[in-house]
Student: 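Questions regarding the structure given below will be posed in turn.
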Amino acid sequence: MKSPRKPSLADYLNACRFFAHVDDAGRSLLQAMAVLQKFPKGKTLFRQDDPCPGVYIVGSGLVRIFKVGASGKEHVLHLAGPGDTFAEVAAIGGFRCPAWAEAVEPSECVLLPLDKFNEALRRDHSLTLQILSGMALWVRQLVGLMEDIVLRDATSRVASYLLQTLGGEEKALRLPTLQKHLASHLNLTGETLSRSLRRLADLGYIEKAGGRLRIRDEQGLREAALGNLPRL
């Protein structure tokens, strides 16, 4: 039996949603500058106010992007999994890293170094326009997250997150190793997150199987995300 083929740089670029509108010529340009990096669990990739290294693409694993307040309290801005990017805004905007980045689990990332990435944008206007389309999608997702936090209750917020992070055709996903990071990202307490997951499981919308969270009833979960939850 053949062992699975190890994903390549091209595979990671092709799976990246931020670059979904980039054509083959643009992808070849990005691939030529790309550097593959591996990070153990707990590794800090960069700190807030560090010079931006470039654009990161998560190939495997999970990276949390978080802010640290003056009191030391942390708030998770983004949990970047396979296909996600981070530091892209700082790279394009030309400013320092606005937050910290840490590998929540062993992770493999592609780095598009800042100097080479910006040089490509200056030279190739078509590539720039294509990346702007990806930026627009990123902004739309950010607005959606803000709407979730302001307009949805806790269970609806969790249901919406689960729908957005479906893991392939099997409709299964693995929650972050430390659920407190997900709770922080959704502006919930750990207890509230656990209670919301239990409620969705009791309704038959999700189940835990083999260390993964599996979606049993996608339509029911969509109704839950809209706030249409039946009484138990």
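Quantities reported herein were computed from a predicted structural model and do not represent experimental measurements.
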Student: Could you measure the distance from the CH2 atom of W100 to the CG atom of D49? Nearest 0.5 Å is fine.
Tutor: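 One gets 10.0 Å once the value is rounded to the nearest 0.5 Å.
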
Student: Using a 3.5 Å distance criterion without hydrogens, assess whether the side chain of S107 forms a donor-acceptor pair with backbone atoms of A103.
Tutor: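 Not confirmed, S107 side chain does not pair with A103 backbone.
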
Student: For D23, does its backbone N or O pair with a side-chain atom of Q130 as donor and acceptor, under 3.5 Å?
Tutor: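 The answer is yes, because a donor-acceptor pair under 3.5 Å joins these two groups.
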
Student: Classify the ring geometry between F19 and F117 as parallel (under 30°), tilted (30 to 60°) or perpendicular (over 60°).
Tutor: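 F19 vs F117 ring planes: perpendicular.
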
Student: Taking only Lys NZ, Arg NE, NH1 and NH2, and the carboxylate oxygens of Asp or Glu, determine whether E119 and K116 approach each other closer than 4.0 Å.
Tutor: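 A salt bridge is absent here (no side-chain N lies under 4.0 Å from a carboxylate O).
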
Student: Evaluate E223 against L229 for side-chain contact (heavy atoms from CB on, under 4.5 Å), listing each step before the verdict.
Tutor: CA-CA 7 Å; E223 289 296 318; L229 286 163; over 6 Å; no

Student: Between C52 and A91, which heavy-atom pair has the shortest distance, and what is it?
Tutor: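 Smallest interatomic distance, heavy atoms only, reads SG-N, 3.7 Å.
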
Student: Do L182 and V58 sit in one hydrophobic cluster, given that two such residues count as connected whenever their side-chain heavy atoms are within less than 4.5 Å of each other, even indirectly?
Tutor: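 Different clusters.
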
Student: Does a side-chain heavy-atom distance below 4.5 Å link E218 with L163?
Tutor: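 Side-chain contact under 4.5 Å: yes.
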
Student: Roughly how far apart are L112 CG and I57 CD1, rounded to 0.5 Å?
Tutor: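 These two atoms lie 4.5 Å from each other.
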
Student: Grab the two heavy atoms, one from G26 and one from L127, that are nearest each other, plus how far apart they are.
Tutor: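 Heavy-atom minimum between the residues: CA-CD1, 4.1 Å.
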
Student: If Ile, Leu, Val, Met, Phe, Trp and Tyr residues are connected whenever their side-chain heavy atoms lie under 4.5 Å apart, and connections chain through other members, are L62 and L45 in the same group?
Tutor: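 Looking at the clustering, L45 is in a separate group from L62.
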
Student: What I'd like to find out is whether the side chain of I131 reaches to under 4.5 Å of the side chain of H21, using heavy atoms alone.
Tutor: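 No. Closest side-chain heavy atoms not under 4.5 Å.
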
Student: Can you tell me if N14 uses its side chain to pair, donor with acceptor, with the backbone of A10 under 3.5 Å?
Tutor: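 Yes, the answer is positive, given that a donor and an acceptor are paired below the 3.5 Å cut-off.
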
Student: Hey, is the main chain of L188 close enough, under 3.5 Å, to the side chain of T192 for a donor-acceptor pair?
Tutor: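 No, because the side chain of T192 does not come within donor-acceptor range (under 3.5 Å) of the backbone of L188.
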
Student: From L221 CG over to L203 CG, what is the distance, rounded to the nearest 0.5 angstrom?
Tutor: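 If I round to the nearest 0.5 Å, the distance is 10.0 Å.
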
Student: If the plane angle is over 60° it's perpendicular, under 30° parallel, otherwise tilted; pick one for F86 and F46.
Tutor: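 Ring orientation of F86 relative to F46: tilted.
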
Student: If you group Ile, Leu, Val, Met, Phe, Trp and Tyr by side-chain heavy-atom gaps below 4.5 Å, do Y56 and L114 land in one group?
Tutor: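 Different clusters.
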
Student: Would you check if F39 and V63 make a side-chain contact, meaning some heavy-atom pair closer than 4.5 Å?
Tutor: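 No. Closest side-chain heavy atoms not under 4.5 Å.
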
Student: List the steps, then state whether side-chain contact (heavy atoms from CB on, under 4.5 Å) holds for F66 with E102.
Tutor: CA-CA 8 Å; F66 63 100; E102 177 191 71; 3.9 Å; yes

Student: Quick one: salt bridge (charged side-chain N to carboxylate O under 4.0 Å, His left out) partners of E88, sequence neighbours excluded?
Tutor: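 With neighbours one apart ignored, the set is empty.
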
Student: Is it the case that one hydrophobic cluster holds both L13 and L111, taking links as side-chain heavy atoms less than 4.5 Å apart, direct or via other members?
Tutor: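 No.
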
Student: Between I65 and V76, does a side-chain contact (heavy atoms from CB on, under 4.5 Å) hold up when you go through it step by step?
Tutor: CA-CA 6 Å; I65 317 303; V76 177; over 6 Å; no

Student: Working to the nearest 0.5 Å, report the span between NZ of K67 and NE2 of H75.
Tutor: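 The distance works out to 10.5 Å.
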
Student: Side chains of L197 and V158: closer than 4.5 Å at any heavy-atom pair?
Tutor: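 Yes, side chains in contact.
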
Student: So, for K41 and V104, which heavy atoms are closest and what is the spacing to 0.1 Å?
Tutor: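 Scanning both residues completely, I find the closest heavy atoms to be CG-O, 3.2 Å.
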
Student: Nearest 0.5 Å please: distance from the CG atom of L9 over to the CZ atom of R27.
Tutor: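 Reported value, rounded in 0.5 Å steps: 13.5 Å.
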
Student: Taking NZ, NE, NH1 and NH2 as the nitrogens, is one of them in R17 or D84 under 4.0 Å from a carboxylate oxygen of the other?
Tutor: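 Yes, charged N to carboxylate O under 4.0 Å.
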
Student: Under 3.5 Å, is there a donor-acceptor pair between the side chain of D11 and the main chain of S8?
Tutor: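 Yes, the answer is positive, given that a donor and an acceptor are paired below the 3.5 Å cut-off.
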
Student: In terms of side-chain heavy atoms, does Y12 have a donor or acceptor partner in E108 at a distance below 3.5 Å?
Tutor: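 Their side chains do contain a donor-acceptor pair, which is all the 3.5 Å distance test asks for.
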
Student: What are the two closest heavy atoms between V110 and A34, and how far apart are they?
Tutor: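 Here V110 and A34 meet closest at CG1-CB, 3.5 Å.
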
Student: State, with a plain yes or no, whether a side-chain heavy atom of P40 is found less than 4.5 Å away from one of P106.
Tutor: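 In short, these two side chains do not touch, never coming nearer than 4.5 Å.
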
Student: Determine yes or no for a side-chain-to-main-chain donor-acceptor pair under 3.5 angstrom, with H185 supplying the side chain and L77 the backbone.
Tutor: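 Present.
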
Student: What's the verdict on side-chain contact (heavy atoms from CB on, under 4.5 Å) for V35 and Q37, showing C-alpha distance, side-chain angles and the deciding distance?
Tutor: CA-CA 6 Å; V35 179; Q37 298 184 338; 4.3 Å; yes

Student: Other members of the hydrophobic cluster containing L129, with the 4.5 Å side-chain heavy-atom rule, please.
Tutor: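 Once heavy-atom contacts under 4.5 Å are chained together, L129 belongs with L132.
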
Student: For the pair E74 and R64, find out whether any cationic side-chain nitrogen is under 4.0 Å from an anionic carboxylate oxygen.
Tutor: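 Yes, charged N to carboxylate O under 4.0 Å.
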
Student: How about C97 and P53: do any of their side-chain heavy atoms sit closer than 4.5 Å?
Tutor: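 Sidechains of P53 and C97: in contact.
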
Student: If you round to the nearest 0.5 Å, how far is CE of M135 from OG1 of T85?
Tutor: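 Here the interatomic distance stands at 8.0 Å.
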
Student: Shortest non-hydrogen contact from G61 to P82?
Tutor: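 In this case the closest contact between G61 and P82 is O-CD, 3.4 Å.
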
Student: Crowded around D24 CG? As in, over 12 foreign heavy atoms under 6.0 Å?
Tutor: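 Counting neighbours around CG of D24, 12 or fewer heavy atoms of other residues, nucleotides or ligands fall under 6.0 Å, so no.
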
Student: Any link between L226 and Y161 through a network of hydrophobic side chains (Ile, Leu, Val, Met, Phe, Trp, Tyr) touching at under 4.5 Å?
Tutor: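 Different hydrophobic clusters.
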
Student: Quick one: does any side-chain atom of D50 pair with a main-chain N or O of R47 as donor and acceptor, under 3.5 Å?
Tutor: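 Yes; judged by distance alone, with no hydrogens or angles, the pair exists.
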
